[in-house]
Amino acid sequence: MTHRAQEYDVIIAGGGLAGRSLACFLSREPALTGTRILIIDDAGDHYAHRSLIYWHDKALPLPLVPVATFTSLAVDAGSAQRVLPLTRHRLCLTSSRTVFRCLDDVIDANPHVTRLDAQISRVRAHRGSVEVALSDGRLLKASYCFDSTVPPPGIKAPLLMSGEVRRIRTPHESFDPSIATFIDFRSGNHNPVHFHCVLPVSDREAFIEVTRIMPGRRPGPEFPFEQATSAYLREVWGVSEFSTLSVERGCIPLGIRSSPSRGRHVRIGTPSGAVKATTGYGFTRILRQTQHIASSLATTGSADVPRPSPRFRWYDKPVLRMWKHDPEQAVQFMKAAFTSGDADLVLDFLDERTTFAEEQRLLGSMPVTMLLQPRLWI
């Protein structure tokens with residue numbers, strides 16, 4: 001039996017951060033008023049929401065009120081911890097649930113947006129359109145399909161970043177709410193390598209994140225996140241007594257090559273390379289990417305997807321392999337990133353927004369000879 005294709009202007013495959021962001025920004029473009037948008041997602045309301053750390057040096061395109069905002073970073077710079085001021089940036093903490101709520105407020109106010117709980121079985125791009133087949137046999141047609149769904153089966157990440165965020169409360173004043181502790185390796189036990197971030201919301205309450213990076217192709221042993229957090233708080237912070245308010249866990253694949261777009265079947269979000277390969281940070285990068293796509297559709301009628309610079313892929317490649325083959329050396333390299341003393345420059349670099357001259361200045365303070373080992377390139 002042949003199904004007649006339902007027609008839309010834009011189909012968005014995946015209703016996570018990238019898909020919702022694009023639907024939101026399309027809805028906000030006056031030139032795209034009346035555009036028929038379909039969001040296809042089979043997750044419903046079952047997303048595993050988590051905390052989000054992000055930084056920015058100008059207003060975000062969303063009316064977010066963060067849980068906490070930090071004006072200084074405490075970093076593990078090797079010989080000792082350093083507290084570096086943030087001059088241009090602010091480091092912030094929010095949650096994916098809050099972000100989704102901001103995006104949905106705009107999406108739900110657009111009568112031309114339809115949500116569909118379904119699974120996609122095939123996407124086929126044609127010269128001036130794209131055809132989407134659902135698993136139940138229905139056919140859909142649109143001018144564009146923007147796809148943020150996971151890469152096809154068989155494509156595996158070389159590294160996997162897994163972690164736990166534990167919100168705790170201490171009986172005594174323990175934290176400075178203006179200072180975020182960022183990528184702290186002072187855990188005592190580095191087997192396997194892991195690091196912590198401490199994000200206070202008051203002098204007695206904080207989010208404690210513990211993260212480890214492991215090869216993605218080899219299943220590792222269950223990591224004792226709770227014990228690692230307790231030992232870190234006790235040995236580094238002198239905090240031996242605390243209560244746990246909430247716990248969340250998750251994992252992010254690192255180093256997945258971006259899936260190619262095919263004509264009007266356009267990859268967005270993680271499959272397009274919007275998540276930073278070596279750190280897993282992607283929130284503001286995804287916002288910028290989807291806002292740019294919506295703006296280009298409104299002004300030119302064509303979808304222009306910003307591409308990651310090949311220069312930064314060149315930087316990422318040996319660092320990813322260092323994490324895989326020699327994690328202790330990767331720790332030393334990460335610590336050296338902050339020896340320049342310019343936290344704003346480091347955050348710009350991690351966001352891939354530095355000039356070549358700025359990168360030379362930053363890398364000049366780091367042991368770049370570590371990156372020249374043949375095994376990191378072959």
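- Put simply, CZ on Phe349 and CG on Leu362 are 6.0 Å apart, with the number rounded to the nearest 0.5 Å.
- The closest donor-acceptor contact from the side chain of Ser296 to the backbone of Ser302 lies under 3.5 Å.
- Remark: Asp351 pairs with Arg288, Arg353 by the salt bridge (Lys or Arg N to Asp or Glu O under 4.0 Å) rule, at least two apart or across chains.
- Side chains of Asp76 and Gln81: no donor on one and acceptor on the other come within 3.5 Å.
- Using bins of under 30°, 30° to 60° and over 60° for the plane-to-plane angle, the ring pair Phe225/Phe223 lands in the perpendicular bin.
- For the pair Thr290 (side chain) and Leu287 (backbone), a donor-acceptor distance under 3.5 Å is present.
- Using a 4.5 Å cut-off on side-chain heavy atoms (C-beta onward), Glu248 and Glu164 make no contact.
- Heavy-atom contacts from other residues, nucleotides or ligands closer than 6.0 Å to NZ of Lys141 number 12 or fewer.
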Start with the C-alpha gap between Ser27 and Val113, add the side-chain angles, then the distance that decides, and say whether side chain to side chain contact (heavy atoms under 4.5 Å, CB included) holds.
-> CA-CA 8 Å; Ser27 299; Val113 175; 3.9 Å; yes
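- Using a 3.5 Å distance cut-off with no hydrogens or angles, the side chains of His89 and Asp348 do pair a donor with an acceptor.
- Under 3.5 Å, the side chains of Ser21 and Gln291 contain no donor-acceptor pair of N or O atoms.
- For Arg249, the CZ atom sits in a packed shell: over 12 heavy atoms of surrounding residues, nucleotides or ligands are nearer than 6.0 Å.
- Put simply, the side chain of Ile11 does not reach to within 4.5 Å of the side chain of Tyr144, judged on heavy atoms.
- The salt bridge (Lys or Arg N to Asp or Glu O under 4.0 Å) test applied to Arg311 returns Glu359, not counting sequence neighbours.
- With sequence neighbours left out, the salt bridge (Lys or Arg N to Asp or Glu O under 4.0 Å) criterion links Arg264 to no other residue.
- Residues Leu38 and Val132 fail the side-chain proximity criterion, which asks for heavy atoms closer than 4.5 Å.
- Looking at every heavy atom in both residues, Ile40 comes nearest to Leu134 through CD1-CD2, 4.0 Å.
- Taking the side chain as every heavy atom from C-beta outward, Leu84 and Val75 approach each other to under 4.5 Å.
- Residues that satisfy the salt bridge (Lys or Arg N to Asp or Glu O under 4.0 Å) test with Glu358, not counting sequence neighbours, are absent from this structure.
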Hey, mind stepping through Tyr281 and Phe283 against ring-ring contact (aromatic ring centres under 6.0 Å, His included) and telling me if it holds?
-> CA-CA 6 Å; Tyr281 289 112; Phe283 172 54; over 10 Å; no
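- Using modelled atom types and a 3.5 Å distance limit, the side chains of His49 and Ser96 yield a donor-acceptor pair.
- Applying the ring-ring contact (aromatic ring centres under 6.0 Å, His included) test to residues at least two apart or on different chains, the pairs with a partner in residues 164-183 are Phe175-Trp237.
- In the displayed structure, Arg88 atom CZ is contacted under 6.0 Å by more than 12 heavy atoms of other residues, nucleotides or ligands.
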Phe25 vs His292, ring-ring contact (aromatic ring centres under 6.0 Å, His included): CA-CA, chis, key distance, verdict = CA-CA 9 Å; Phe25 294 132; His292 181 89; over 10 Å; no
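- Side-chain contact between Met214 and Arg212 is present, with heavy atoms from C-beta onward closer than 4.5 Å.
- In this model, no donor atom of one side chain and acceptor atom of the other lie less than 3.5 Å apart for Thr69 and Arg90.
- No more than 12 heavy-atom neighbours from other residues, nucleotides or ligands sit within 6.0 angstrom of CZ on Arg50.
- Residues Leu160 and Ile213 form no side-chain contact, since every pair of their non-hydrogen atoms from C-beta on lies 4.5 Å or further apart.
- Using modelled atom types, one finds no donor on one side chain facing an acceptor on the other under 3.5 Å when comparing Ser309 with Glu352.
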Asp41/Arg115 under salt bridge (charged side-chain N to carboxylate O under 4.0 Å, His left out): CA gap, chis, key distance, verdict = CA-CA 8 Å; Asp41 189 33; Arg115 298 179 190 257; over 6 Å; no
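- Ring orientation note: the planes of His194 and His196 are nearly perpendicular, at an angle over 60° on the 30°/60° scale.
- Ion pairing between a basic and an acidic side chain is recognised when a charged N comes within 4.0 Å of a carboxylate O; Asp342 and Arg361 show such pairing.
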Output side-chain donor-acceptor pairs under 3.5 Å for residues 238-245, partner residues at least two apart or in another chain, one line each.
unit_1: Ser243; atom_1: OG; unit_2: Arg169; atom_2: O; d: 3.4
unit_1: Thr244; atom_1: OG1; unit_2: Arg166; atom_2: NH1; d: 3.3

